[in-house]
Structures are given as C-alpha cells and as structure tokens.
Q: 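Here it is: the structure, laid out below.
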Amino acid sequence: MSGKTLVIIPAYNEAQTIEEVVRGAIVFADVSVTDDASKDATPTILAKLQKEFGKRLHVIRHEKNTHIPGGIQDGMKYAVEKGYDWVITMDAGLSHDAGYLEEFQSFPNCDLVIGSRTSTVNVPLYRKLISWTAAKVMNYCLSKGVFNLFGANLRDCTSGYRRYSKPMVQKIAAYPLESVAFDFHMEALSIVAKNDGSIKELPIRYIFSNSSFNKKVLKLAISFAKKLLLRKWKLSPEYP
C-alpha cells in the first residue's frame with residue numbers, strides 16, 4: 001500500500017490516555033484528534049503535543065459533544081481537504097494497540113480493513129455476545145438478496161479500529177449520517193457496502209477498558225439495525 005495515511009482519533013475526556021495514544025500513533029502516520037468538547041485536561045495535553053509535533057498533529061475542537069460520528073466525520077473531512085490516501089480510525093483509550101498501524105498500512109489495497117477482535121482481554125461476556133449478534137445481523141443486512149443469510153461472513157462488524165480507502169473516506173465525509181454513537185461503525189460499514197467497496201479483516205488483539213457503551217447506546221445500535229433490515233425488505237425507503 002502506498003500513499004499518505006491519517007490516523008483519526010475521536011476523544012472525549014481522555015486526559016489519562018490521550019498522550020500515550022497520540023505518541024504511539026504518530027510513529028506510524030500523521031494524526032488528527034477530534035476533541036469532542038472535553039471538560040478535563042485533554043485540550044491542554046493536545047495543545048502541548050501540537051507544539052511538539054507541529055503539522056503532523058491536527059486537532060479539531062468541538063464546543064458541543066457530537067460523540068463518535070461527528071468526531072470521525074470531521075476528521076475525514078480534514079483528510080479529504082488535505083488529500084490523504086488512507087484513513088485509520090482508532091480509540092482514544094488504550095483498547096487499540098498502535099503497533100497494528102504498521103500492519104494496517106501494509107495490508108493489500110481494499111476499501112475497508114476491519115480490525116477483527118480475534119483475541120480479547122477483559123471483555124465482559126455480554127459485550128462479546130452483543131458483538132457476535134451484531135455481526136450476524138449486519139452480515140445479513142448487507143448481503144445481496146433476502147435469502148442470503150451470511151453475506152460476506154465478516155467476523156467483526158462493530159470494531160472501531162479500521163482502515164478506509166480515499167474513495168470511501170470521501171463518501172463518508174459527505175454523507176448525512178444517521179448514527180448517533182457507536183452505531184457509526186455499523187453505518188460506515190453499510191456505506192462502504194452500498195458503494196460496492198471491498199471489505200477485508202485484519203486479526204487484532206483488543207483490550208477492554210472503561211467504555212461509554214451503555215443501554216442507551218445499545219438501543220441506538222438496535223434501532224439502526226432495524227432501519228437496515230426494513231430497507232432490505234423494502235418496507236422502508238432507501239436513505240438518503
């Protein structure tokens with residue numbers, strides 16, 4: 001794989017981890033952090049890092065919290081503006097090992113590479129069950145035909161550690177997103193599939209840490225999956 005890569009990191013109140021994450025990522029590529037209206041020391045830490053890394057670290061500041069969709073989409077708009085060829089998204093916590101960035105960058109050309117969580121640490125059983133169920137539902141929603149139950153048979157459809165191609169970044173950056181929280185990863189996957197993008201998986205090790213995933217976020221994900229199902233069954237108009 002050749003071309004410039006931008007790592008996009010949405011961050012909200014990540015003072016304890018953001019410096020370590022940025023320092024780990026910037027070894028491999030330029031970094032854009034979206035500070036999503038943090039109320040802790042995150043902005044101060046990012047300002048210090050900007051002085052150190054200069055143009056290699058771009059910071060977007062939101063005055064109101066937009067959660068993951070707004071944070072990643074604004075980072076993608078910046079990537080389009082600056083002409084990056086690839087975008088990799090990762091968490092601001094320490095769940096994603098920056099060492100995998102090298103493997104993401106060397107992965108063969110395709111439109112979306114999902115960091116598939118084949119090895120996990122401290123992940124609660126209920127989270128594993130939710131991810132497994134989400135993968136089954138998403139594979140069906142994105143399959144060609146009502147009776148194709150397995151689709152691309154992707155193992156992990158909700159991982160946020162991903163690499164997107166330039167054409168897909170352009171699509172997502174300009175898309176009127178419906179997602180509100182973690183359902184962004186489902187929506188972004190659906191956008192790639194809708195545009196006939198090629199999708200592959202890269203096995204990664206995932207470390208569970210403090211998460212903003214809760215019942216409300218789960219309900220949003222279920223609601224988005226229902227929208228995809230209704231559209232597949234032609235019971236709801238296509239969006240947008």
Q: Charged N to carboxylate O under 4.0 angstrom, Glu19 versus Arg23?
A: yes
Q: Do Val137 and Ile222 sit in the same hydrophobic cluster, where Ile, Leu, Val, Met, Phe, Trp and Tyr count as joined when their side-chain heavy atoms come under 4.5 Å apart?
A: no
Q: Return yes when atom CZ of Arg205 has more than 12 non-hydrogen atoms of other residues, nucleotides or ligands closer than 6.0 Å, and no otherwise.
A: no
Q: Ring-plane angle category for Tyr140 and Trp233, please: parallel below 30°, perpendicular beyond 60°, tilted otherwise.
A: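 Tilted, since the angle between the ring planes falls between 30° and 60°.
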Q: Check whether any side-chain heavy atom of Leu6 sits under 4.5 Å from a side-chain heavy atom of Val31, and report yes or no.
A: no
Q: Please say yes or no: joined through hydrophobic side-chain contacts below 4.5 Å, possibly via intermediate residues, are Leu149 and Leu142 part of one cluster?
A: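 Per the 4.5 Å side-chain linkage, Leu149 and Leu142 are not co-clustered.
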Q: If I compare all heavy atoms of Ala193 with all of Lys144, which pair ends up nearest, and what's the gap?
A: O-NZ, 4.4 Å
Q: Please name the pair of heavy atoms, one in Leu220 and one in Ala181, separated by the smallest distance, quoted to 0.1 Å.
A: CD1-CB, 4.1 Å
Q: Donor-acceptor check, side chain of Arg56 to backbone of Ala29, threshold 3.5 angstrom: yes or no?
A: yes
Q: I'd like to know if the side chain of Asn139 reaches the main chain of Cys141, judged simply by a donor and an acceptor atom lying under 3.5 Å from each other, with no hydrogens or angles considered.
A: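 No, the answer is negative, given that no donor and acceptor are paired below the 3.5 Å cut-off.
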Q: Rounded to the nearest 0.5 Å, how far apart are CE of Met76 and CD of Glu81?
A: 15.5 Å
Q: Side chain of Asp35, backbone of Ser38: donor and acceptor closer than 3.5 Å?
A: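 Indeed, once roles are kept as given, a pair shorter than 3.5 Å links the two residues.
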Q: Taking atom CD1 of Ile130 and atom CH2 of Trp132, what is their separation to the nearest 0.5 Å?
A: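 Answer rounded to 0.5 Å: 13.0 Å.
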Q: Taking CZ in Phe150 as the centre, count heavy atoms belonging to other residues, nucleotides or ligands within less than 6.0 Å. Is the count above 12?
A: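 Atom CZ in Phe150 is not crowded, with 12 or fewer foreign heavy atoms closer than 6.0 Å.
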Q: Tyr164 and Phe182: same hydrophobic cluster, using ILVMFWY side-chain contacts below 4.5 Å?
A: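 Same hydrophobic cluster.
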Q: Arg117 and Thr158: side-chain donor and acceptor closer than 3.5 Å?
A: yes
Q: Tell me, do Lys48 and Leu46 make a side-chain contact under 4.5 Å, heavy atoms counted?
A: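 Not touching, per the 4.5 Å side-chain cut-off.
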Q: Answer yes when Lys166 and Asp111 have at least one side-chain N-carboxylate O distance shorter than 4.0 Å, and no when they do not.
A: no
Q: Do the side chain of Ser106 and the main chain of Glu103 share a donor and acceptor less than 3.5 angstrom apart?
A: yes
Q: I'd like to know if the side chain of Tyr175 reaches the main chain of Gln73, judged simply by a donor and an acceptor atom lying under 3.5 Å from each other, with no hydrogens or angles considered.
A: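 Looks like no, no N/O pair under 3.5 Å.
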Q: Identify the two heavy atoms, one from Cys157 and one from Leu189, that lie closest to each other, and give their separation to 0.1 Å.
A: CB-CD2, 3.7 Å
Q: Are the aromatic rings of Tyr12 and His62 close, with centres under 6.0 Å apart?
A: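 Tyr12 vs His62: aromatic centres not under 6.0 Å.
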Q: Hey, what's the ring geometry for Phe104 with Tyr161, parallel, tilted or perpendicular (30° and 60° as the breaks)?
A: tilted
Q: Sequence neighbours left out, what passes salt bridge (Lys or Arg N to Asp or Glu O under 4.0 Å) with Lys51? Give chain and number order.
A: none
Q: Please test Val7 against Met90 for side chain to side chain contact (heavy atoms under 4.5 Å, CB included), starting from the C-alpha separation and ending with a verdict.
A: CA-CA 7 Å; Val7 177; Met90 65 183 297; 3.7 Å; yes
Q: Before you tell me yes or no, could you show the steps for Ile18 and Val22 under side chain to side chain contact (heavy atoms under 4.5 Å, CB included), namely the whole-Å CA-CA distance, both residues' side-chain angles and the distance that decides it to 0.1 Å?
A: CA-CA 6 Å; Ile18 192 62; Val22 169; 4.1 Å; yes
Q: Decide ring-ring contact (aromatic ring centres under 6.0 Å, His included) for Phe184 and His67; before the verdict, give the C-alpha distance in whole Å, the side-chain angles of both, and the deciding distance to 0.1 Å.
A: CA-CA 10 Å; Phe184 168 81; His67 208 68; over 10 Å; no
Q: Are His185 and Ile114 close enough that some pair of their side-chain heavy atoms sits under 4.5 Å apart?
A: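 They are not in contact (no side-chain heavy atoms under 4.5 Å apart), so the answer is no.
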Q: Specify the closest pair of heavy atoms between Pro240 and Lys194, including all atoms of both residues, with the distance to one decimal.
A: CD-NZ, 3.8 Å
Q: For the side chain of Glu187 and the backbone of Glu178, is there at least one donor-acceptor N/O pair under 3.5 Å apart?
A: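 Judged by distance alone, yes, a pair lies under 3.5 Å.
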Q: Let me see the working for Asp36 and Thr66 under side chain to side chain donor-acceptor pair (under 3.5 Å), right down to the final yes or no.
A: CA-CA 6 Å; Asp36 202 28; Thr66 64; 2.9 Å; yes
Q: Between Leu101 and Ile88, is the side chain to side chain contact (heavy atoms under 4.5 Å, CB included) condition met? List the steps.
A: CA-CA 8 Å; Leu101 289 171; Ile88 298 173; 3.6 Å; yes
Q: Rounded to the nearest 0.5 Å, what separates atom CD1 in Ile204 from atom CG in Asp97?
A: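 Here the interatomic distance stands at 9.0 Å.
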Q: Evaluate whether atom NZ of Lys227 has more than 12 neighbouring non-hydrogen atoms of other residues, nucleotides or ligands under 6.0 angstrom away.
A: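 Yes, because the 6.0 Å sphere around NZ of Lys227 holds more than 12 heavy atoms from other groups.
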Q: Do Asp91 side-chain atoms and Gly93 backbone N/O form a donor-acceptor pair below 3.5 Å?
A: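 No.
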Q: Quick one, Leu112 with Met168, criterion side chain to side chain contact (heavy atoms under 4.5 Å, CB included). Give me CA distance, side-chain angles, the key distance, then yes/no.
A: CA-CA 8 Å; Leu112 173 60; Met168 292 305 136; 5.9 Å; no
Q: Indicate yes or no: does Lys4 engage Asp85 in a salt bridge with an N to O separation below 4.0 Å.
A: no
Q: Which heavy atom in Ala25 sits nearest to a heavy atom in Ala98, and how many Å separate them?
A: N-CB, 3.9 Å
Q: In the structure I gave you, are the side-chain heavy atoms of Glu14 and Val21 within less than 4.5 Å of one another anywhere?
A: no
Q: For a 4.5 angstrom cut-off between non-hydrogen side-chain atoms, does Ile207 reach Leu94?
A: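 They are not in contact (no side-chain heavy atoms under 4.5 Å apart), so the answer is no.
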Q: Do Thr89 and Val87 come close enough that some side-chain heavy atom pair is under 4.5 Å?
A: yes
Q: Is Leu129 close to Thr133 at the side-chain level, that is, under 4.5 Å between some pair of heavy atoms?
A: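 They are in contact (side-chain heavy atoms under 4.5 Å apart), so the answer is yes.
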Q: Look only at the side chain of Arg155 and the backbone of Ser116, and say whether a donor-acceptor pair between them is shorter than 3.5 Å.
A: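 Checking the backbone N and O of Ser116 against the side chain of Arg155, no donor-acceptor pair under 3.5 Å is found.
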Q: Would the number of heavy atoms belonging to other residues, nucleotides or ligands and lying under 6.0 Å from NZ of Lys216 be above 12?
A: no
Q: Would you say Asn214's side chain and Val217's backbone share a donor-acceptor pair under 3.5 angstrom?
A: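 A pair under 3.5 Å: yes.
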Q: Should Tyr239 and Val180 be regarded as members of a common hydrophobic cluster, given that ILVMFWY residues are connected when their side-chain heavy atoms come within less than 4.5 Å of each other, either directly or indirectly?
A: no
Q: Could you tell me which non-hydrogen atom of Ile8 sits nearest to which non-hydrogen atom of Gly71, and how far apart they are?
A: CG2-O, 4.3 Å
Q: Kindly say whether His58 contributes a backbone atom to a donor-acceptor pair with the side chain of Gln50 at under 3.5 angstrom?
A: no
Q: Taking the side chain as everything from C-beta on, heavy atoms only, tell me whether Thr5 gets closer than 4.5 Å to Tyr84.
A: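 Heavy-atom side-chain distance check fails, nothing below 4.5 Å.
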Q: Thinking salt bridges, do Glu102 and Arg163 make one under a 4.0 Å N-O criterion?
A: no
Q: Is there a path of hydrophobic side-chain contacts, each under 4.5 Å between heavy atoms of I, L, V, M, F, W or Y residues, that connects Val146 with Leu229?
A: yes
